[in-house]
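What follows is one structure encoded as structure tokens, with my remarks underneath.
Proteins get letters first, then strands, A, B, ... in listed order; numbering begins at 1 in each.
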2 protein chains.
Amino acid sequence: MNPPDSTPRPPGPGPGRVRVGPLLRLAQRRAAHTFADALRPLGIEGRHYGVLLNLNLHGPLSQRRLIDLTGGDKSSMVRTVDDLETRGLAVRRPSPTDRRAYAVEITEQGRALFAEASVVADDVATRLLGHMDEGDQDLLCTLLERFVAAPEA
Amino acid sequence: MNPPDSTPRPPGPGPGRVRVGPLLRLAQRRAAHTFADALRPLGIEGRHYGVLLNLNLHGPLSQRRLIDLTGGDKSSMVRTVDDLETRGLAVRRPSPTDRRAYAVEITEQGRALFAEASVVADDVATRLLGHMDEGDQDLLCTLLERFVAAPEA
DNA sequence: TATTGTTATACTCTATAACTATA
DNA sequence: TATAGTTATAGAGTATAACAATA
């Protein structure tokens with residue numbers, strides 16, 4: 001039968017945890033679209049920005065390490081680093097410690113474009129988070145950091 | 001009426017709102033993989049679970065409304081509802097108020113499988129969030145709810 | 001034996017447009 | 001004119017396996 005039980009339960013603090021998957025999906029899509037639109041004039045996409053951010057933060061990294069830090073798989077990372085190298089934003093140098101690996105390094109041009117992109121990213125973040133309390137904005141980022149810092153199962 | 005930013009963020013290695021994009025990407029990938037693996041034995045994917053969850057929560061919904069609630073686009077939603085209907089987990093009924101639209105409704109079988117899937121989802125959520133403090137787990141979900149509840153730009 | 005990076009391939013997801021029937 | 005849903009198609013993203021060089 002048709003139970004008139006259409007109880008529109010408010011998304012209160014109740015059964016939230018099972019929704020973490022669907023919620024992350026929605027949140028990521030919203031952020032990805034906004035970022036993509038904003039970065040398009042700079043000629044890069046989110047995946048490029050993520051790599052530049054980590055190269056700028058941590059110094060030269062192997063593609064393996066970049067995959068762990070930004071997500072994706074080996075073949076995608078090859079394409080992303082190819083793109084960055086073609087545009088002169090990063091270079092592949094031989095790793096000093098592992099002859100199998102590269103040390104992908106950000107260039108001067110890369111740093112310059114990353115600085116531009118960071119202004120854009122900050123503006124995007126402001127738009128994405130602007131409807132939330134200021135404290136909650138930082139809290140969300142902090143909790144996301146903790147979430148992704150999970151020990152590998 | 002935001003007060004002037006009296007709490008300056010450390011611009012250095014701190015959380016940093018500019019990282020909300022890359023962080024959401026990482027978080028979503030982690031959750032999506034874990035959910036997909038766990039739901040596979042039940043024969044559904046994350047997108048199906050998201051639709052069932054909202055149908056169970058809100059009652060019959062148009063495909064338009066489902067898109068707003070779960071993300072995706074019109075063609076993807078057609079496929080997802082097709083899948084659910086083929087498996088007898090949901091049915092398309094004519095909308096009582098709009099003859100263009102369907103009222104997608106969860107079936108008895110749908111509720112049964114959703115109950116199973118929710119057990120799985122809860123287990124997955126426990127694994128995904130298990131390394132965080134209990135309070136932080138709920139807080140993350142609550143903040144994600146607020147994040148995706150942004151007024152459409 | 002395992003791992004880094006490359007290449008090739010297939011598959012899924014996404015975006016877009018055209019179309020209908022309604023509003 | 002605009003919207004709900006369908007269909008078709010192209011493009012991007014993703015997963016997978018094979019391979020060479022090195023650990």
>> For the backbone of B/Gly88 and the side chain of B/Thr107, can you confirm whether one donor and one acceptor N or O come within less than 3.5 Å of each other?
In response: yes
> Which pairs pass ring pair (Phe, Tyr, Trp, His ring centres under 6.0 Å) with one or both residues in residues 76-121 of chain B, sequence neighbours excluded?
Replying inline: B/Tyr49-B/Phe114
> Taking DNA chain C as the partner, which of residues 26-39 of chain B come within under 4.0 angstrom of it by heavy atom?
Replying inline: none
> Just by modelled atom types, is the B/Leu129 backbone N or O under 3.5 Å from a matching donor or acceptor in the B/Gln137 side chain?
Replying inline: yes
>> Testing the 3.5 Å rule here: is there a donor-acceptor pair between the side chains of A/Arg29 and B/Gln28?
In response: no
>> Quiz question: by atom type and distance under 3.5 Å, do the side chains of B/Arg17 and A/Thr126 form a donor-acceptor pair?
In response: yes
> Quick one: B/Arg40 CZ to C/dT12 P, roughly how many Å, whole number?
Replying inline: 12 Å
> Do you know the tightest heavy-atom contact between A/Val104 and A/Ala90?
Replying inline: CG1-CB, 4.2 Å
> What are the two closest non-hydrogen atoms of B/Val18 and A/Phe35, and how far apart are they?
Replying inline: O-CZ, 4.2 Å
>> Less than 4.0 angstrom from a charged side-chain N to a carboxylate O is my criterion; do B/Asp123 and B/Arg127 meet it?
In response: yes
>> Using a strict heavy-atom distance below 4.0 Å, which residues from residues 85-101 of chain A are in contact with DNA chain C?
In response: A/Arg92, A/Arg100, A/Ala101
> Taking A/Thr80 as the fixed residue, which of A/Glu85, A/Gln63, A/Arg47 is the one that meets the side chain to side chain contact (heavy atoms under 4.5 Å, CB included) rule?
Replying inline: A/Arg47
> If only atom types and distance count, is the side chain of B/Arg30 paired as donor or acceptor with the main-chain N or O of B/Leu128 below 3.5 Å?
Replying inline: yes
>> Please report the distance, rounded to the nearest Å, between CG in B/Leu66 and C1' in D/dT6.
In response: 16 Å
>> Rounding to an integer number of Å, can you tell me how far B/Leu84 CG sits from D/dG5 P?
In response: 14 Å
> Do any N or O atoms from the side chain of A/Arg111 and from the backbone of A/Ile106 form a donor-acceptor pair under 3.5 angstrom?
Replying inline: no
> Between the side chain of A/Arg19 and the main-chain N/O of B/Leu53, is any donor-acceptor distance below 3.5 Å?
Replying inline: no
> According to a strict under-4.0 Å criterion, is A/Gln63 in side-chain N/O contact with OP1 or OP2 of C/dT3?
Replying inline: no
> In degrees rounded to 10°, what angle is found between the helical axes fit to the five outermost pairs at each end of the helix from C/dG5-D/dC19 to C/dA23-D/dT1?
Replying inline: 20°
> Looking at residues 68-83 of chain B, who's got a heavy atom less than 4.0 Å off DNA chain C?
Replying inline: B/Asp73, B/Ser75, B/Ser76, B/Arg79
>> Has A/Asp133 got a side-chain atom pairing as donor or acceptor with A/Gly135's backbone, closer than 3.5 angstrom?
In response: no
> Do NZ/NE/NH1/NH2 and the carboxylate oxygens of A/Asp82 and A/Arg79 come within less than 4.0 Å?
Replying inline: no
> For A/Leu39 and A/Ala117, which heavy atoms make the closest approach, and how far apart are they?
Replying inline: CD2-CB, 4.1 Å
> Just how far, in rounded Å, is P of C/dA2 from CZ of A/Arg64?
Replying inline: 15 Å
>> I need the CD1-P distance between B/Ile67 and C/dT14, as an integer number of Å.
In response: 12 Å
>> Nearest whole Å is fine: how far is D/dG13 C1' from A/Arg25 CZ?
In response: 14 Å
> Among residues 47-54 of chain A, which residues get a heavy atom nearer than 4.0 Å to DNA chain C?
Replying inline: none
> Between A/Asp83 and A/Arg87, is there a salt bridge with N-O shorter than 4.0 Å?
Replying inline: no
